[in-house]
Amino acid sequence: MGELVLRPLDVRFDWTGLPLQWVPGEPAASHILNTLHLLLPEGERWFVETFKQALPLIRDDMLREDVLGFIGQEAIHAEAHQGVLDYFATHDMDPTPYTRQMEWLFRKVLGDRDRGDEARKRDFLIEKVAFVAAIEHYTAFLGDWVLDTPGLDRAQADPVMLDLLRWHGSEEVVHRSVAYDLMVHLDPSYGRRVRGLLIGGPILFWLWARGARFLMATDPSSSKQKVTIRAWQQAAGKCLLPAPRALLRSAFRYLRPGYHPSLEGSTSRALEYLAASPAAKAAAA
Ligand SMILES: [Fe+2]
Ligand SMILES: [Fe+2]
């Protein structure tokens, strides 16, 4: 990461009065983005556990500092999104049928269990770091997108939710190289990088589609509109979601031999947002 020191930023969000469809009149866009709250608390806690396990393998002091900063930031992200889930649960939208599955996936399937000898354990840990690196490519992509998209402001999206997404997105942009650098430090092979994306990408897409459909079906105020690729494209046309094509193009960039996350997104733009985030100011007050 060079000169930039990664520090977790305290934030405070007040969800009082948040509508479940916080992009007015746009249930599909609201719930496709709300799926983040279903996936991230368990997912980011798993990132934290994975990276803590990788700490003893790091032989570079600067990278270790970055990984520690990353761990601190992801832990706060998980709790911030958990706050939204807790709010949903008190507003007739019980997320537990879905989040129990996330717990099973991240704690049991991808968690700690006996995987044989030390070499196999180490290899599985590096494989998990490669998944995280691929997912972090996408969290940085989404962070960059949410910072710049005019559609959510135009649609008068809930300002507290927009701040959550832009604060989180900014930190994703700022720490976008850490997981990738850790993966390369532990295994520089191109095969590891490709596998992380080819396995992690479709799983993430599938979890996301299921999550959006679950929320749409569970939301008592929803028109039960189907979450389809067409609905996604329509919302993307209004700049309420990133375009499917842009996501695909981004995947191909990750596979380029000369790829590095520092070539994507703008750190200065993200730092600018963090300095102005209402949630960060509320926590500092
Ligand atoms: Fe995060
Ligand atoms: Fe991240």
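Note: hydrogens, waters and symmetry copies are ignored here, and every other heavy atom, side chains too, is used. We count ligands from 1, going down the list as the structure has it; atoms in each ligand are counted the same way. Residue indices begin at 1 and follow the sequence shown. No experiment lies behind these values; they were computed from the predicted model shown.
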Inset, instruction - Output, by chain and residue number, all protein N/O/S atoms separated from the Fe ion (ligand 2) by less than 2.8 Å. - result: Glu74 OE2, Glu136 OE1, Glu136 OE2, Glu172 OE1, Glu172 OE2, His175 NE2
Inset, instruction - Kindly say whether the aromatic ring centers of Trp15 and Tyr87 come within a distance under 6.0 Å. - result: no
Legend entry - Passing candidate, ring-ring contact (aromatic ring centres under 6.0 Å, His included) with Tyr98, options Phe88, Trp104, Phe214: Phe214
Inset, instruction - Establish, yes or no, whether a centroid distance under 6.0 Å links the rings of Tyr259 and His137. - result: yes
Legend entry - Val160 versus Asp14, closest heavy-atom pair with distance: CG1-O, 3.8 Å
Legend entry - Heavy-atom check, side chain of Val184 versus side chain of Asp181, under 4.5 Å: no
Inset, instruction - For side chain to side chain donor-acceptor pair (under 3.5 Å), just list the numbers for Ser30 and Gln21, CA-CA rounded to whole Å, side-chain angles, deciding distance to a tenth of an Å, and then say yes or no. - result: CA-CA 5 Å; Ser30 297; Gln21 290 175 27; 5.5 Å; no
